[in-house]
*Asks:* 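Have a look at this one.
The figures here come from the full heavy-atom set of this structure, side chains too, leaving out hydrogens, waters and symmetry mates.
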Amino acid sequence: NDSLQSEIKELKNLLELNSTKAEYELENANVIARNNISWLNTLTIDKGTNDGLEIDMPVIKKNGLIGKISKATKTTSEVKLLTSSDITNKISIAIKVGEEEHYAILSGYDYKKQLLKVSAIDKSISIEKGTSVITSGLGKMPQGIYIGDVYKTEVDNYELSQTLYIRTKQNFNAIYYVSVIKETKE
């Protein structure tokens, strides 16, 4: 019964997402498979190239980005999650500090802390806890998709750069429905 209640809540959030994300053309999809061994790496959805989906399209939920399409067949697609241990799964991000935007790359996921990591940020940039992190718009990913908020920062061992830890508002363990951003409406 708890699982059914969770799915109903997620469907309501998906409907709310569709009405608030008018600037995007969205394709809603059901999660049809997850592998127990790679639970936080990938999931499979029931939409594919027949529905206009392509590799690298962003996949979102109400609380922002959860990943991007990594493989697509005619009827299904694999979504590589932000929590993936795949070091080639790169997402370009932007962090606004004052009037300046600073760009970086998501560099991993800390499974113990359940936080996304961003490495090699100039240590002279003062980034406060709670600062929003969004997609940068570089590459195929549209600009401005919410990822999470800075939870903490740490200076590296050589005191040359800092690592940011980002807390998302996603529950990566309970994903039943997603939306794929097919394109940005002009």
Side-chain angles (χ1 to χ4, degrees), residues 6 10 13-14 17 29 31-45 53 55-72 76-97 101-123 125 127-158 160-181:
S6 180
E10 196 167 349
N13 287 337
L14 186 64
L17 174 70
V31 174
I32 57 172
R34 285 188 87 169
N35 185 325
N36 286 339
I37 295 170
S38 61
W39 191 261
L40 291 174
N41 287 331
T42 61
L43 54 83
T44 304
I45 59 175
L53 302 190
I55 292 174
D56 289 334
M57 284 183 168
V59 181
I60 61 174
K61 289 180 42 96
K62 179 184 176 193
N63 294 323
L65 186 70
I66 63 161
K68 63 183 178 179
I69 305 242
S70 58
K71 295 179 186 172
T76 65
S77 296
E78 181 179 275
V79 176
K80 186 82 64 170
L81 298 172
L82 294 178
T83 54
S84 173
S85 59
D86 182 353
I87 60 171
T88 65
N89 188 36
K90 303 293 184 190
I91 305 281
S92 177
I93 62 154
I95 305 158
K96 190 167 187 174
V97 178
E101 277 195 346
H102 300 277
Y103 300 98
I105 304 287
L106 281 178
S107 57
Y109 183 71
D110 187 317
Y111 290 97
K112 289 181 183 175
K113 297 176 185 173
Q114 296 183 349
L115 300 169
L116 296 170
K117 293 189 321 186
V118 178
S119 301
I121 301 281
D122 186 335
K123 78 170 188 164
I125 301 168
I127 301 172
E128 295 181 22
K129 181 177 180 175
T131 302
S132 290
V133 177
I134 60 173
T135 55
S136 70
L138 302 174
K140 290 187 177 182
M141 191 78 55
Q143 181 180 16
I145 302 172
Y146 177 77
I147 295 172
D149 298 321
V150 174
Y151 179 71
K152 72 175 186 171
T153 62
E154 289 179 352
V155 176
D156 73 2
N157 293 338
Y158 304 105
L160 298 173
S161 65
Q162 60 184 321
T163 298
L164 303 181
Y165 290 91
I166 300 165
R167 172 152 289 146
T168 71
K169 294 180 180 175
Q170 306 290 353
N171 179 355
F172 285 95
N173 288 312
I175 301 173
Y176 306 103
Y177 307 100
V178 299
S179 293
V180 180
I181 298 178

*Asks:* Answer yes or no: are there more than 12 heavy-atom neighbours, outside Y111 itself, under 6.0 Å from its atom OH?
*Replies:* yes
*Asks:* Which value, rounded to the nearest 0.5 Å, describes the distance between H102 atom NE2 and I93 atom CD1?
*Replies:* 11.5 Å
*Asks:* Answer yes or no: is there a donor N or O on one side and an acceptor on the other, between the side chain of T83 and the main chain of L40, under 3.5 Å?
*Replies:* yes
*Asks:* Just by distance, do the side chain of D156 and the backbone of L160 share a donor-acceptor pair under 3.5 Å?
*Replies:* yes
*Asks:* Any heavy-atom pair between the side chains of D149 and K169 that's under 4.5 Å?
*Replies:* yes
*Asks:* Side chain to side chain contact (heavy atoms under 4.5 Å, CB included) between T163 and T153: does it pass, once the steps are laid out?
*Replies:* CA-CA 6 Å; T163 298; T153 62; over 6 Å; no
*Asks:* Determine whether a donor-acceptor pair (N or O, by modelled atom type, separation under 3.5 Å) exists between the side chain of R167 and the backbone of L115.
*Replies:* no
*Asks:* Tell me whether T135 contacts the main-chain N or O of I145 through its side chain, where contact means a donor paired with an acceptor under 3.5 Å.
*Replies:* yes
*Asks:* Could you tell me whether the side chains of T88 and D86 share a donor-acceptor contact shorter than 3.5 Å?
*Replies:* yes
*Asks:* Ignoring hydrogens, what is the shortest heavy-atom contact between S132 and Y146? Give both atom names and the distance.
*Replies:* OG-CE1, 4.1 Å
*Asks:* What is the minimum heavy-atom distance between V150 and E128, and which atoms define it?
*Replies:* CB-O, 3.8 Å
*Asks:* Taking S70's backbone N and O only, do any of them form a donor-acceptor pair with D56's side chain (distance below 3.5 Å, no angle check)?
*Replies:* no
*Asks:* Atom CD of E78 and atom OG of S38: how far apart are they, to the nearest 0.5 Å?
*Replies:* 8.0 Å
*Asks:* Determine whether a donor-acceptor pair (N or O, by modelled atom type, separation under 3.5 Å) exists between the side chain of Q162 and the backbone of D122.
*Replies:* yes
*Asks:* Quick one: does K152's side chain get under 4.5 Å of E154's, heavy atoms only?
*Replies:* yes
*Asks:* Side chains of I95 and E101, heavy atoms from C-beta outward: is any pair under 4.5 Å?
*Replies:* no
*Asks:* Tell me, with the steps shown, if Q114 and F172 meet side chain to side chain contact (heavy atoms under 4.5 Å, CB included).
*Replies:* CA-CA 10 Å; Q114 296 183 349; F172 285 95; over 6 Å; no
*Asks:* Kindly give the heavy-atom pair with the smallest separation between G144 and I134, and that separation in Å.
*Replies:* CA-CD1, 3.8 Å
*Asks:* How about Y165 and L116: do any of their side-chain heavy atoms sit closer than 4.5 Å?
*Replies:* no
*Asks:* Look only at the side chain of K96 and the backbone of T131, and say whether a donor-acceptor pair between them is shorter than 3.5 Å.
*Replies:* no
*Asks:* Where do K61 and I175 come nearest, in terms of heavy atoms and distance?
*Replies:* CD-CG2, 4.0 Å
*Asks:* So does L81 get a backbone contact from the side chain of N89, meaning a donor-acceptor N/O pair under 3.5 Å?
*Replies:* yes
*Asks:* Taking the side chain as C-beta and beyond, is there a heavy-atom pair between T76 and I32 under 4.5 Å?
*Replies:* yes
*Asks:* Please report the closest heavy-atom contact between L82 and I147, naming both atoms and the distance.
*Replies:* CD1-CG2, 4.1 Å
*Asks:* Would you indicate whether the side-chain heavy atoms of I166 and L106 approach each other to under 4.5 Å?
*Replies:* yes
*Asks:* To the closest 0.5 Å, what do you measure between CD1 (I69) and OG (S77)?
*Replies:* 4.0 Å
*Asks:* Taking atom OH as the centre, does Y151 end up with more than 12 heavy-atom neighbours from other residues, nucleotides or ligands that are less than 6.0 angstrom away?
*Replies:* no
*Asks:* Are the side chain of S107 and the backbone N or O of K117 linked by a donor-acceptor pair below 3.5 Å?
*Replies:* yes
*Asks:* Within a strict 4.5 Å, meaning less than it, do heavy atoms of the V180 and P58 side chains meet?
*Replies:* no
*Asks:* Taking all heavy atoms of V59 and all of L65, pick out the closest pair and write down the distance.
*Replies:* O-CD1, 3.5 Å
*Asks:* Under a 4.5 Å cut-off applied to non-hydrogen side-chain atoms, are M141 and K68 in contact?
*Replies:* yes
*Asks:* For atom NZ of K71, decide whether the heavy atoms of other residues, nucleotides or ligands shown that lie under 6.0 angstrom number more than 12.
*Replies:* no
*Asks:* Could you state the interatomic distance from OG1 (T168) to CD1 (I66), rounded to the nearest 0.5 Å?
*Replies:* 10.0 Å
*Asks:* For N35 and T42, does a side-chain donor sit closer than 3.5 Å to a side-chain acceptor?
*Replies:* no
*Asks:* Determine whether V79 and V178 satisfy the following criterion, side chain to side chain contact (heavy atoms under 4.5 Å, CB included), listing intermediate values before the conclusion.
*Replies:* CA-CA 10 Å; V79 176; V178 299; 5.5 Å; no
